[in-house]
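What follows is a short report on a single structure.
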Amino acid sequence: MARIPQSFIDELLGRVDIVEVVDECVALKKQGSNFKARCPFHEERTPSFNVNADRQIYHCFGCGAGGNAIGFLMEFEHLSFPEAVRELAGRYSMQVPEEADAGQGGSGQEVSGSGLDPATLRKVCERAARFFEYQLRSHPEAAAVHDYLRGRGVTGETAARFRLGFAPPGWRNLLEALGDNASGRRALAEAGLVIDRDDSAYDRFRNRVIFPIRDRRGRVIAFGGRVLDDGEPKYLNSPEGALFQKGRELYGLYEARQAVRREQRAVVVEGYMDVIALAEAGVDNAVAPLGTALTEEQLRLLLRTAPEVVLAFDGDSAGREAAWRAVATALPEAGRGRTLSFLFLPEGEDPDSLVRKEGPEGFRERLENATPLFEFLIRGLKDRVELTTPEGRDRLLELAGPLYGRVGDPKLRDLLVQRIDAMVKLGSKTVAQHLERNRGRARASSEGREAGSSGSPDPLAGQPVSRQALLLLLHDPHGLAEEVLAAAEDLRRFRSAGIDLLLATAEAVQADPEIGVGALVERLRELPYGEAAARVAGQDPGVPEDGRRAQLRGCLHKLQAHALKARLDALEEAARVGTWTTEQAREFRDLKRQQQALERAGPWEPDPTAPQ
């Protein structure tokens, strides 16, 4: 399989300016030697996102995100590694080379997990979108689509804005237009536009209104199609693949992005036509999931753009049950200055019919009066139990436990305890204990982020010793690598992912004395837990420059002592079962002497608060 050579990745990172890359996505402000902004990966009021031009890395002290320019594009744009490399290379007019993977583990990165690369697939999708648009304008049978769109109140201007199209009746229209050779047919199949089975291939979308699905940069990555007759399924989406994962994209987000920022609110509706009908009426900040319930990733994506999200549901019992299921998805993102609420439509209405009946101002008024997430949660718990009985109150605590575990904001957790105590009257402390006990496996994924954002005054405190050493080394790799390499023989006696990563970092610096920090963390990406290097590279270890060497020696001393003890324990166990060889006995004596020498030297403790 083709791979991008590591030498090219190093050259690219040497040419890239991470400040330019990040500033295109996030408005940076210079502060001292760094650049700061509000983090694009979590909501915050005080900027804690830092970009260091000298080290060519970024780091958020709030959520812990960090890495180099490639890692930033991967996270912010949801790109694969090869796609991020190609994106950066294109900006600097660099041609990405490929080399054959000899199966030896190489240092490069795979161009694609399988099949064609994303850039080629995007080109195929763009050509298909143009084909469908042309068919809507010119095909003899497109009149039925025009009638359908006019009946839904969609003007030609709005159809053009959303790039609506038409897949004509027939089995091979797109295939014959774009797949006139083997490579074209393969590209259409990999893009999900053609179904290729054995010796036959045919168009996936036939006699349907076509809704191109675009990513946040406006690039066509997939399609949805609605039948014009009574056929099934009524709606059909492209299959998931290298370009398109439905849980990570939102229909209409590209078209809505400016209105969402302007109004500081996003509205989530059910389907394509709801988005388009609202846009036609002037409500331009609506988006829709792609045939599934809203995911946490989609919600986080919206909250990066606006602090308020309103989820619209049908007002019937099915709609309210769907809203209740959405509560668990929304709770980790609630609070911390963000507003999540539910809009329940009148029974028998959808956003399309409602905005036509009440107009955009009437619809916006309903948005203003939407039910806040927390109120809907409390009301939903009440409706599911009988509070007049002890059994009902016990059941409420059982139901609330997993939801309590999903709440990411500690202030909201406290408020939830108070509101539940008002119903069960056991005392806040007892309620909190019951909720903790009942939270089960539904622990909030945001707890880790919260712990990471607590702002500990000592960045080394509470971290494993190998991680402390890595943080210190990455802050001054060229000055401290020799300290790690001097202890390498002892450290290798006790191999762990943390020690392996520490040694690999020092060895990479030794092999390339000119390597920058950004390129260094990229070298480590493929190692087990290699992403940890990107996360800690931007942290300040909180140790004065003249004390870092001594602090690192203290860490290495602990690691050496641990490694020696582990090997001695293993040899003693071998002696107990009677399998000790002469060589092992000699090794045991040598290690004992080294251990005693370490003990006589005494521990390096320049910081008495560092964890043992």
| ring pair (Phe, Tyr, Trp, His ring centres under 6.0 Å) partners of Phe162, counting only residues at least two apart |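 Ring pair (Phe, Tyr, Trp, His ring centres under 6.0 Å) list for Phe162, sorted by chain: empty.
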| query | Taking side chain as C-beta onward, heavy atoms only, is Leu193 less than 4.5 Å from Phe132? | reply |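 A side-chain contact exists here, since the closest heavy-atom pair is under 4.5 Å.
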Using distance only, find each side-chain donor-acceptor pair of residues 266-277 under 3.5 Å and give its atom names and separation, not counting sequence neighbours.
{"unit_1": "Tyr272", "atom_1": "OH", "unit_2": "Asn237", "atom_2": "OD1", "d": "2.2"}
{"unit_1": "Asp274", "atom_1": "OD2", "unit_2": "Gly271", "atom_2": "N", "d": "3.3"}

Answer yes or no: is there a donor N or O on one side and an acceptor on the other, between the side chain of [X] and the main chain of [Y], under 3.5 Å?
X: Arg384; Y: Gly380; answer: yes
X: Asn34; Y: Lys30; answer: no
X: Thr158; Y: Thr155; answer: no
X: Asn285; Y: Arg265; answer: yes
X: Ser48; Y: Cys60; answer: no
X: Asp350; Y: Asp352; answer: yes

| Which heavy-atom pair separates Arg395 from Val385 by the least distance, and what is that distance? |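 Smallest heavy-atom distance, with atoms named: CG-CG1, 3.7 Å.
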Please set out all donor-acceptor pairs under 3.5 angstrom arising from side-chain atoms of residues 338-346, sequence neighbours excluded.
{"unit_1": "Arg338", "atom_1": "NE", "unit_2": "Glu333", "atom_2": "O", "d": "3.0"}
{"unit_1": "Arg338", "atom_1": "NE", "unit_2": "Gly335", "atom_2": "O", "d": "3.3"}
{"unit_1": "Arg338", "atom_1": "NH2", "unit_2": "Glu333", "atom_2": "O", "d": "3.1"}

| What's the verdict on side-chain hydrogen bond (donor to acceptor under 3.5 Å, both in side chains) for Thr371 and Glu375, showing C-alpha distance, side-chain angles and the deciding distance? | CA-CA 7 Å; Thr371 304; Glu375 292 305 316; over 6 Å; no
Using a strict cut-off of less than 4.0 Å between a Lys/Arg side-chain nitrogen and an Asp/Glu carboxylate oxygen, indicate whether [X] and [Y] qualify as a salt bridge.
X: Arg366; Y: Glu358; value: yes
X: Arg248; Y: Glu240; value: no
X: Glu297; Y: Arg300; value: no

| field | With sequence neighbours excluded, residues passing side chain to side chain contact (heavy atoms under 4.5 Å, CB included) with Arg163 | value |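 Checked Arg163 against side chain to side chain contact (heavy atoms under 4.5 Å, CB included); matches are Glu126, Ala129, Arg130, Glu133, Pro212, Arg214, Val220.
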| task | For Lys411, enumerate each residue passing the salt bridge (Lys or Arg N to Asp or Glu O under 4.0 Å) test, keeping only those at least two apart in sequence or located in another chain. | result |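 Result, salt bridge (Lys or Arg N to Asp or Glu O under 4.0 Å) vs Lys411: Asp409.
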| task | Using salt bridge (Lys or Arg N to Asp or Glu O under 4.0 Å) as the criterion, list what pairs up with Lys425, not counting sequence neighbours. | result |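 Testing Lys425 for salt bridge (Lys or Arg N to Asp or Glu O under 4.0 Å), a comparison that skips the adjacent residues, returns none.
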| Between Phe72 and Phe49, what is the ring plane arrangement, given parallel below 30°, perpendicular above 60°, and tilted in between? |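 Rings of Phe72 and Phe49: tilted, as their planes differ by 30° to 60°.
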| task | Identify whether NZ of Lys or CZ of Arg in Arg150 sits under 6.0 Å from the centre of the six-membered ring of Tyr148 and within 45° of that ring's axis. | result |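 No, Arg150 does not lie over the aromatic ring of Tyr148.
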